[in-house]
Amino acid sequence: QAKSSGPFELTASGDHLFFTANDGSHGFELWKTDGTAEGTVLAHDVIPGPSPGSSAYPFDLTDVEGTLYFDVGQYQLWKTDGTPGGLALEQTFPVIQAMAEAGGKLFINAGELYVAGTGLVKDIRPGPPGSQISEMTEMGGTLFFRADDGGGFGLWRSDGTAATTFEVAPVAARQLTAAGNVLFFTAVETSSWTYTLWRSDGTSAGTVQIASWSAGDLPYELTDANGILFFGLSRQAGGQELWRSDGTPVGTVRVRRFSVSRSPLAELTSVAGNLFFAAEDAGGRELWKGDGTPGGTRRVKDIFPGPQGS
């Protein structure tokens with residue numbers, strides 16, 4: 001059986017790509033590459049030794065202006081500039097749940113909101129269970145996230161200080177996605193399972209609902225493509241649809257319907273202004289591309305001819 005290094009957490013920082021891998025001698029540790037075989041080397045053996053117990057398993061690799069941060073064991077925050085002497089333990093937490101960069105700062109969800117090198121930003125909800133932060137997303141140098149201050153979940157923002165950390169709107173935002181200078185998110189009315197699409201410019205007045213669908217219809221995989229939001233919509237009555245939005249009600253429209261699709265659209269990816277995705281029609285599940293118009297949304301190639309798809 002072939003051996004493998006199992007690389008994961010691929011993250012660009014400075015002039016290198018960093019990742020976690022196992023060479024069979026050091027366990028899962030931090031590696032870097034410049035794209036050549038000679039330039040692919042062990043960056044740091046954070047926990048020396050080859051056994052599983054001596055693997056650091058660097059996780060949540062995040063670049064902040066050329067400095068790479070990562071967590072070890074979900075409680076140690078480390079940073080490196082990629083040089084042999086550039087590794088340092090920055091801080092320890094009871095638990096690190098997620099990290100995100102915004103405005104040149106590293107934000108850490110450790111039960112409450114922290115900034116690397118600064119500490120606790122704000123104790124949004126003192127005591128257990130805490131504010132249950134999630135959905136950390138950067139837009140325009142500001143961090144947006146979902147949190148509960150004890151009065152229910154809402155959309156929050158922070159620039160890294162207590163004074164700039166506050167609730168934007170009392171909406172239980174999900175799927176936060178920045179497209180251009182607009183933050184999009186979905187919300188659901190749980191009594192009827194009616195999903196809605198919202199937009200925000202970071203202000204309370206500028207946070208508004210722009211679309212809603214029938215009960216049970218599910219918007220998913222919100223994706224930025226050249227400043228336009230694309231997403232899939234799964235219809236309760238059957239079928240999948242590709243939608244787009246420019247942030248206005250009139251500009252939130254269906255692009256194409258896949259009436260025979262049994263599975264959601266997937267892998268929505270923007271490349272050079274075009275949206276690529278996997279979708280299913282009568283010809284099977286294949287690779288598609290779109291420019292945001294019905295006529296410009298078509299199958300790229302029938303890679304596996306026939307209804308089974310590729």
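It should be emphasised that the depicted structure is a prediction, and the values quoted were computed from it without experimental measurement.
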Worksheet entry | Arg157 (side chain) donor-acceptor with Gly202 (main chain) under 3.5 angstrom | yes
Worksheet item: Can you tell me if Glu221 uses its side chain to pair, donor with acceptor, with the backbone of Leu268 under 3.5 Å?
Response: yes
Worksheet item: Okay, side chain of Glu9, backbone of Asp60: is any donor-acceptor separation there less than 3.5 Å?
Response: yes
Practice prompt. Just jot down the ring-ring contact (aromatic ring centres under 6.0 Å, His included) partners of Phe28, sequence neighbours excluded, or say none.
Written response: Tyr57
Item to complete: Test side chain to side chain contact (heavy atoms under 4.5 Å, CB included) on Asp71 and Ile108 and set out the steps.
Response: CA-CA 10 Å; Asp71 81 60; Ile108 303 117; over 6 Å; no
Worksheet entry | Interatomic spacing from OG1 in Thr196 to CD1 in Ile210 - rounded to 0.5 Å | 10.0 Å
Worksheet item: With a 4.5 Å limit on heavy-atom distance, are the side chains of Gln76 and Leu89 in contact?
Response: yes
Fill in: Glu286/Ile303 under side chain to side chain contact (heavy atoms under 4.5 Å, CB included): CA gap, chis, key distance, verdict
CA-CA 7 Å; Glu286 296 289 349; Ile303 299 171; 3.5 Å; yes
Discussion item. Run the side chain to side chain contact (heavy atoms under 4.5 Å, CB included) test on Val95 and Gln97 for me, step by step, so that the C-alpha distance in whole Å, both residues' side-chain angles and the decisive distance to 0.1 Å come before the verdict.
Written reply: CA-CA 6 Å; Val95 62; Gln97 298 176 4; 4.0 Å; yes
Response to the item:
In short, Phe258 meets Ala279 closest at the heavy-atom pair CE2-CB, 3.7 Å
Discussion item. Taking atom CZ as the centre, does Phe166 end up with more than 12 heavy-atom neighbours from other residues, nucleotides or ligands that are less than 6.0 angstrom away?
Written reply: yes
Discussion item. Tell me if a side-chain donor or acceptor on Glu138 pairs with a main-chain N or O of Gly103 at a distance below 3.5 Å.
Written reply: no
Worksheet, complete the sentence: Taking every heavy atom of Thr297 against every heavy atom of Arg256, the minimum-distance pair comes out as O-NH1, 3.7 Å
Worksheet item: Distance from Leu42 atom CG to Asn22 atom CG, nearest 0.5 Å?
Response: 10.5 Å
Discussion item. Taking side chain to side chain contact (heavy atoms under 4.5 Å, CB included) as the definition, give me every residue that meets it alongside Thr36, ordered by chain and number, with sequence neighbours left out.
Written reply: Asp34, Glu38
Item to complete: Return the minimal non-hydrogen interatomic distance between Arg285 and Ala266, and the atom names on each side.
Response: NH2-CB, 3.4 Å
Fill in: For Tyr114, all residues meeting ring-ring contact (aromatic ring centres under 6.0 Å, His included), sequence neighbours excluded
Phe93
Worksheet item: Going by heavy atoms in the side chains, are Leu197 and Leu222 under 4.5 Å from each other?
Response: yes
Worksheet, complete the sentence: side chain to side chain contact (heavy atoms under 4.5 Å, CB included) filter on Thr33, not counting sequence neighbours, yields Leu17, Phe19, Thr40
Worksheet item: With the 4.5 Å side-chain cut-off for hydrophobic clustering, are Leu30 and Trp78 part of the same group?
Response: yes
Discussion item. Would the distance check show the side chain of Thr269 and the main-chain N or O of Glu267 forming a donor-acceptor pair, the cut-off being under 3.5 Å?
Written reply: yes
Discussion item. Show me the pairs that pass side chain to side chain donor-acceptor pair (under 3.5 Å) and involve residues 164-174, at least two apart or across chains.
Written reply: Ser158-Thr165, Thr161-Thr164
Worksheet item: Thr203 side chain to Asp201 main-chain N or O, any donor-acceptor pair under 3.5 Å?
Response: no
Fill in: With sequence neighbours excluded, residues passing side chain to side chain contact (heavy atoms under 4.5 Å, CB included) with Pro129
Arg125, Gln132
Discussion item. Rounded to the nearest 0.5 Å, what separates atom CZ in Phe18 from atom NZ in Lys32?
Written reply: 5.5 Å
Practice prompt. Look at atom CZ of Arg298 and say whether more than 12 heavy atoms of other residues, nucleotides or ligands are closer to it than 6.0 Å.
Written response: no
Item to complete: With rounding to the nearest 0.5 Å, note down the distance linking CD1 in Ile124 to CH2 in Trp156.
Response: 4.5 Å
Fill in: Within-4.5 Å side-chain heavy-atom neighbours: Leu113 and Leu143
yes
Worksheet item: Would you say the side-chain atoms of Glu135 pair up with the backbone N or O of Phe185, donor to acceptor, closer than 3.5 Å?
Response: no
Donor-acceptor contacts, no H, no angles, side chain residues 226-236, under 3.5 Å, sequence neighbours left out:
{"residue": "Ser234", "atom": "OG", "partner": "Gln240", "partner atom": "NE2", "Å": "3.2"}
{"residue": "Arg235", "atom": "NE", "partner": "Glu241", "partner atom": "OE1", "Å": "3.2"}
{"residue": "Arg235", "atom": "NE", "partner": "Glu241", "partner atom": "OE2", "Å": "3.2"}
{"residue": "Arg235", "atom": "NH1", "partner": "Asp217", "partner atom": "OD2", "Å": "2.6"}
{"residue": "Arg235", "atom": "NH2", "partner": "Glu241", "partner atom": "OE1", "Å": "3.3"}

Discussion item. Working to the nearest 0.5 angstrom, can you tell me the gap between Glu112 CD and Lys122 NZ?
Written reply: 10.5 Å
Worksheet item: Remaining members of Val260's ILVMFWY cluster at a side-chain heavy-atom cut-off under 4.5 Å?
Response: none
Worksheet item: Under the 4.5 Å side-chain heavy-atom rule for ILVMFWY, direct or indirect, which residues accompany Val250?
Response: none
Practice prompt. Any side chain to side chain donor-acceptor pair (under 3.5 Å) involving residues 10-21? Give me the pairs, sequence neighbours left out, ordered by first then second residue.
Written response: Ser13-Asp63
Fill in: CA sep, side-chain torsions, deciding dist, call: Lys105, Val64, side chain to side chain contact (heavy atoms under 4.5 Å, CB included)
CA-CA 7 Å; Lys105 300 180 179 71; Val64 180; 5.9 Å; no
Practice prompt. Identify whether Leu120 and Met99 are in the same connected component of the hydrophobic contact network (ILVMFWY, side-chain heavy atoms under 4.5 Å).
Written response: yes
Worksheet, complete the sentence: The side chain to side chain contact (heavy atoms under 4.5 Å, CB included) partners of Ala98 (sequence neighbours excluded) come to Asn109, Met136
Practice prompt. Can you see which heavy atom on Ala225 is nearest to which on Ser270, and at what distance?
Written response: CA-OG, 3.5 Å
Fill in: Taking every non-hydrogen atom, the tightest pair across Pro48 and Ser54
O-CB, 3.2 Å
Discussion item. Restricting to ring-ring contact (aromatic ring centres under 6.0 Å, His included), what partner residues turn up for Phe153, sequence neighbours left out?
Written reply: none
Worksheet, complete the sentence: Heavy atoms of Leu183 and Ala178 approach each other most closely as CD1-N, 4.1 Å
Worksheet item: According to a 4.5 Å side-chain heavy-atom criterion applied to Ile, Leu, Val, Met, Phe, Trp and Tyr, with indirect links allowed, do Val271 and Phe277 form part of one hydrophobic cluster?
Response: no
Worksheet item: Do Trp198 and Leu176 sit in the same hydrophobic cluster, where Ile, Leu, Val, Met, Phe, Trp and Tyr count as joined when their side-chain heavy atoms come under 4.5 Å apart?
Response: yes
Discussion item. Taking CG in Asp81 as the centre, count heavy atoms belonging to other residues, nucleotides or ligands within less than 6.0 Å. Is the count above 12?
Written reply: yes
Worksheet entry | Spacing of Leu77 atom CG and Thr92 atom OG1 [to the nearest 0.5 Å] | 9.5 Å
Practice prompt. Indicate if Leu106 and Ile96 have the same hydrophobic cluster label, given that clusters are the connected sets of ILVMFWY residues with side-chain heavy-atom separations under 4.5 angstrom.
Written response: yes
